[in-house]
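One structure below.
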Amino acid sequence: MDSKYTFALRRIALLGGIEDYVVLSSRELGDALEMSQQSASKRILELLDEKLIIRDLGARKQRIKLTPKGVDELKQEYGEYRRIFEVNDQITLHGVISEGMGEGGYYICQVGYMMQFQEKLGFRPFEGTLNVIIDKEDVNKLDIIRSAPGETIYGFTQEGRSFGGAVAHKSKIRNIDCAIIIPERSHYDNVIEIVCQYHLRRTLSIGNGDRVEVKVKV
């Protein structure tokens, strides 16, 4: 995204425009962005066109709020800055093992996935996933992981059924090589699925409710 939009979104967010509407005139935004009122008015229209903000035109002053798309753009920038200043080569996630939906084994064992896992991760996963609910304090770290390149696992069609793509991020649990799998269409924002060549529950003697530490390469 154009940096001029990011800068404007950041100023609006600092005024409180993520949680609620903020009363903000073109002149006030211009002062915050160090530009003329006319240029600020144009910038607001550009942000509206890009669907990065929504606007409520009141009787006296306009009210502005970031859209979910606008918030996501700031989160991406936040993740990039954290990678520059806070993250070296890995991120540590903490969480609790949970019961999955029982579908991991079915998907993992598909030939289209297995071949890619072997090629890109260097191992054939055990036919199942370890689900971990990430601690609230670490959920924001997932945005950094999602913004990292990772290993692309392409979707495919098999016997008339479509299987979606994902991104795999190499990881370790107690020095055992594994990988976090982030599907293209994920149902949860705070749950990760982990694949490994070993049955992690048996190998590490862990089960539902146990805490784990996952070190993710970025």
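- Taking all atoms of both residues into account, the shortest heavy-atom contact from E193 to P183 is OE2-CG, 4.0 Å.
- Across all their heavy atoms, V191 and I133 have their closest contact at CG2-CG1, 4.2 Å.
- By the 4.5 Å heavy-atom criterion applied to side chains, E73 and T6 are not counted as neighbours.
- Taking 4.5 Å as the limit, every side-chain heavy atom of Y198 sits out of range of all side-chain heavy atoms of I173.
- We find the CZ-CZ distance between R55 and R63 to be 13.0 Å, quoted to the nearest 0.5 Å.
- Looking at D143 and R146, a side-chain N of the basic residue comes within less than 4.0 Å of a carboxylate O on the acidic one, giving a salt bridge.
- In terms of heavy atoms, L47 sits closest to A8 at CD1-CB, 3.9 Å.
- One hydrophobic cluster, built from ILVMFWY side chains closer than 4.5 Å, cannot hold both V96 and L130; they sit in different ones.
- Contact between L24 and L15 at its shortest, heavy atoms only, is CD1-CD1, 3.7 Å.
- T67 contributes a side-chain N or O that, together with a main-chain N or O of L52, makes up a donor-acceptor pair within less than 3.5 Å.
- Within 6.0 Å of NZ in K172 there are more than 12 heavy atoms belonging to other residues, nucleotides or ligands.
- Side-chain atoms of K4 and F7, non-hydrogen and from C-beta on, never get closer than 4.5 Å to each other.
- Heavy atoms only, all atoms of each residue included: I181 and A166 are closest at CG2-CB, 3.9 Å.
- In this structure, CG in L93 is found 8.0 Å from OG in S171, a value given to the nearest 0.5 Å.
- More than 12 heavy atoms of other residues, nucleotides or ligands shown are found within 6.0 angstrom of NZ on K69.
- In this structure the side chain of E46 never reaches within 4.5 angstrom of the side chain of D49, judged on heavy atoms.
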Would you be so kind as to tabulate the donor-acceptor pairs closer than 3.5 Å made by side chains of residues 211-218, with sequence neighbours excluded?
unit_1	atom_1	unit_2	atom_2	d
R211	NH1	D135	OD1	3.4
R211	NH2	D135	OD1	3.4
R211	NH2	D135	OD2	2.4
E213	OE1	H94	NE2	3.2
E213	OE2	K215	NZ	3.3

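- Annotation: side chain of E28 is not in contact with side chain of R11 (no heavy-atom distance under 4.5 Å).
- Distance check: I145 CD1 to I91 CD1 gives 4.5 Å after rounding to the nearest 0.5 Å.
- No donor-acceptor contact under 3.5 angstrom links the side chains of R124 and Q118, judged on distance only.
- Side-chain atoms of N208 and R201, non-hydrogen and from C-beta on, do get closer than 4.5 Å to each other.
- Here NZ of K65 is found 13.0 Å from CD1 of I12. Values are rounded to the nearest 0.5 Å.
- Annotation for L57 and Q62: closest pair CD2-CB, 3.8 Å, computed over non-hydrogen atoms.
- Atoms OG and CG, on S3 and L9 in that order, are 11.5 Å from each other to the nearest 0.5 Å.
- Using a 4.5 Å cut-off on side-chain heavy atoms (C-beta onward), E99 and N131 make no contact.
- Applying the ring-ring contact (aromatic ring centres under 6.0 Å, His included) rule to pairs touching residues 199-218 yields F126-H199, sequence neighbours excluded.
- Atoms CE and NZ, on M115 and K120 in that order, are 11.0 Å from each other to the nearest 0.5 Å.
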